[in-house]
Amino acid sequence: MFEGRTLIIATKHQKESVIAPILESELGVNCIISDELDTDLLGTFSGEIERKLSPLETARKKCFTAMELAKCDLAIASEGSFGMHPSLFFSQADDEILVFIDKKNNLEIKARELSTTTNFNAASIQNKEELEKFKEKTLFPSHGLIARKNKDD
């Protein structure tokens, strides 16, 4: 069904390094990316550009935009969110959505991984000692930090 077809991975942030080997091996597709695709226009992780659509709709839009750019009919995209768990109150969560769209066969496959295994956190830092403790708690430098002058900056 998919063997020999071109599949575009709708990403700007090197997710193809994880996704492509699996899909090429298991589905026999030829994975590509597009340098023209700017998924950040749909919202950025750090909040400079607000995501206007739901995570699922954002992933779908990434797929359709990428397919149009690449002139192909097979795409995959992901969209993730960190924040409060939707049903485990007072727990942080990593919510990842993956959407695979095959326009030729009118097929859409969605997968969701909701996990409390995350180092998502936030803090107001007043001094170097607090920063050092926060860096350790959030596994920096293996995980990045976003620094803001104030909460709404």
field: Other residues, nucleotides, ligands: >12 heavy atoms within 6.0 Å of Lys103 NZ
entry: yes
message: More than 12 heavy atoms of other residues, nucleotides or ligands under 6.0 Å from CG of Asn106: yes or no?
response: no
With Ile19, the side chain to side chain contact (heavy atoms under 4.5 Å, CB included) member among Ile76, Ile33, Thr11: Ile76
May I ask you to decide whether [X] forms a salt bridge with [Y], counting only side-chain N to carboxylate O separations under 4.0 Å?
X	Y	value
Glu132	Lys135	yes
Glu79	Lys62	yes
Glu57	Lys52	no
Glu130	Lys128	no
Asp35	Lys12	no

Hey, could you give me the [atom1]/[atom2] distance between [X] and [Y], rounded to the nearest 0.5 Å?
X	Y	atom1	atom2	result
Glu96	Thr118	CD	OG1	9.0 Å
Leu53	Arg51	CG	CZ	8.5 Å
Lys104	Leu107	NZ	CG	12.0 Å
Phe90	His85	CZ	NE2	14.0 Å
Glu50	Leu42	CD	CG	12.5 Å

Heavy-atom check, side chain of [X] versus side chain of [Y], under 4.5 Å:
X	Y	answer
Val29	Thr6	no
Ser25	Leu23	no
Leu98	Lys110	no
Phe100	Leu7	yes
Ile8	Ser34	yes
Phe82	Asn121	no
Thr116	Gln92	no
Asn105	Met1	yes

message: Could you check whether any side-chain N or O of Glu24 sits under 3.5 Å from a backbone N or O of Cys31, counting only pairs where one atom can act as donor and the other as acceptor?
response: yes
message: Could you check whether any side-chain N or O of Thr44 sits under 3.5 Å from a backbone N or O of Ile49, counting only pairs where one atom can act as donor and the other as acceptor?
response: yes
How far apart are the closest heavy atoms of [X] and [Y], and which atoms are they?
X	Y	answer
Ala75	Cys63	CB-O, 3.7 Å
Phe120	Gly83	CE2-CA, 3.7 Å
Met67	Asp73	SD-C, 3.4 Å

Examine [X] and [Y] and state if one hydrophobic cluster contains both, with Ile, Leu, Val, Met, Phe, Trp and Tyr joined whenever side-chain heavy atoms are less than 4.5 Å apart.
X	Y	result
Leu145	Ile125	yes
Ile22	Leu74	no
Leu27	Ile32	no
Phe140	Phe134	yes
Ile97	Leu37	no

task: Run the numbers on Asp40 and His13 for side-chain hydrogen bond (donor to acceptor under 3.5 Å, both in side chains), then give the verdict.
output: CA-CA 9 Å; Asp40 285 351; His13 301 285; 2.8 Å; yes
